[in-house]
Amino acid sequence: MNKIGILTRDCAGINAAIRAVVRTACHYNIEVLGVRRGYEGLINGEIVNLNRLSVSGIISLGGTILKTVRSKKFLTEIGQKQAVKTIKKNNIEGLIVVGGNGSMRGVHILASKYNIPTIGIPATIDNDICGVDLAIGSDTAVNVAIDALDKIRDTATSLERIFVVEVMGRDCGYIALQVALAGGCEEVLIPEKNFDAKKMCEEISEGNAKGKISWIVIVAEGKAKANDIAETIVEKTGLETRVVVLGYIQRGGSPTAIDRILAARLGSYAVEVLRRGETDKCVCLKDNRLDTVPLEIAIQPKELEIEPYYRLIKILT
Ligand code: F6P
């Protein structure tokens, strides 16, 4: 193998993965082409050369040095054929795609429909890739949210207020569950579980009558709008309630050590796997050992471990 390509989405730890891919490829004298602006750049032929120097000093940077956009064109057959043309024209013998489940669907299309040797590296704050315990970026996102939450709690307890905090995660409650447990929160609302607003408000009122002065409710963005939940709480309990929507701060920032190490291991392994001639797979850790998941499994909906978290949150409230 003489030349590979890499394209990415955006979250903390992606630059660390790019670095690992480039440095491992250099070790094997493999040339690396970076695709700018994700699948859109692949369609348009936006290619740059990457070498040891171009990835120097990026391990601690959030975002992606390659830039990225969501590509509607890649969802069409015309777009996909143009992308394949770019791959062939540039003599790219294998492609590595770093991103979430949308990106992994793209990997699967390139590998299975167009026979392009392609390997995925899971990187998404949502941590919703099936068969992958931990995707790059989600540890940083949870830590960013916890940092914010610890500050919010200061005001919640000082001013005897209820806070409803909305976290990201698209259709997945992963971030919300982690944050609720690690942040010592009293309630968590996620897409995967039914929610009884009346019961929650009764619990808040009962707790308040017994002297509990503050309450933090975590809402996953895929479940409800924090503003709507706050309105219901005010209406049913009469207690002072504030809303915080954490949003994109969870996706940015310098990656945690866990994300950097994960990105380094997975990035390097993706090159090894491509060199072995494997394709249509996503690299991951299983029992903390490097492994792969077939893409047709990785793109299925992921089942989240919910009940042990819920039980703990409730017991510890
Ligand atoms: O998939 C990662 C994610 O940050 C989700 O948590 C969020 O719902 C979505 O992307 C936001 O997408 P966009 O960047 O297109 O606004």
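Whatever order the structure lists ligands and atoms in, that order sets their numbers, starting from 1.
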Discussion item. Determine whether Ser268 and Arg23 satisfy the following criterion, side chain to side chain donor-acceptor pair (under 3.5 Å), listing intermediate values before the conclusion.
Written reply: CA-CA 8 Å; Ser268 192; Arg23 297 209 165 181; over 6 Å; no
Discussion item. Set out, in order, the CA-CA distance, both residues' side-chain angles and the distance that settles side chain to side chain donor-acceptor pair (under 3.5 Å) for Ser205 and Asn208, then state yes or no.
Written reply: CA-CA 5 Å; Ser205 295; Asn208 188 258; over 6 Å; no
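Salt bridge annotation for Lys88-Glu93: absent, with no cationic side-chain nitrogen under 4.0 angstrom from a carboxylate oxygen.
In this structure, Lys193 is positioned above the aromatic face of Tyr310, its NZ or CZ under 6.0 Å from the six-membered ring centre and within 45° of the axis.
Val98 has its side chain within reach of Ile6: a pair of non-hydrogen atoms, C-beta onward, lies under 4.5 Å apart.
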Could you check ligand 1 for N or O atoms lying under 3.5 Å from protein N or O atoms and list the pairs with distances?
{"residue": "ligand 1", "atom": "1 (O)", "partner": "Asp126", "partner atom": "OD2", "Å": "2.7"}
{"residue": "ligand 1", "atom": "1 (O)", "partner": "Arg170", "partner atom": "NH2", "Å": "3.4"}
{"residue": "ligand 1", "atom": "4 (O)", "partner": "Arg251", "partner atom": "NH1", "Å": "2.9"}
{"residue": "ligand 1", "atom": "6 (O)", "partner": "Asp126", "partner atom": "OD1", "Å": "2.7"}
{"residue": "ligand 1", "atom": "6 (O)", "partner": "Gly169", "partner atom": "N", "Å": "3.2"}
{"residue": "ligand 1", "atom": "6 (O)", "partner": "Glu221", "partner atom": "OE2", "Å": "3.4"}
{"residue": "ligand 1", "atom": "8 (O)", "partner": "Glu221", "partner atom": "OE2", "Å": "2.5"}
{"residue": "ligand 1", "atom": "10 (O)", "partner": "Arg170", "partner atom": "NH2", "Å": "3.4"}
{"residue": "ligand 1", "atom": "10 (O)", "partner": "Arg251", "partner atom": "NH1", "Å": "3.1"}
{"residue": "ligand 1", "atom": "12 (O)", "partner": "Arg70", "partner atom": "NH2", "Å": "3.1"}
{"residue": "ligand 1", "atom": "14 (O)", "partner": "Arg251", "partner atom": "NH1", "Å": "2.9"}
{"residue": "ligand 1", "atom": "14 (O)", "partner": "Arg251", "partner atom": "NH2", "Å": "3.1"}
{"residue": "ligand 1", "atom": "15 (O)", "partner": "Arg70", "partner atom": "NE", "Å": "2.7"}
{"residue": "ligand 1", "atom": "15 (O)", "partner": "Arg70", "partner atom": "NH2", "Å": "3.2"}
{"residue": "ligand 1", "atom": "16 (O)", "partner": "Tyr248", "partner atom": "OH", "Å": "2.3"}

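Looking at residues two or more places apart in sequence or on another chain, you find no side-chain hydrogen bond (donor to acceptor under 3.5 Å, both in side chains) involving Thr76.
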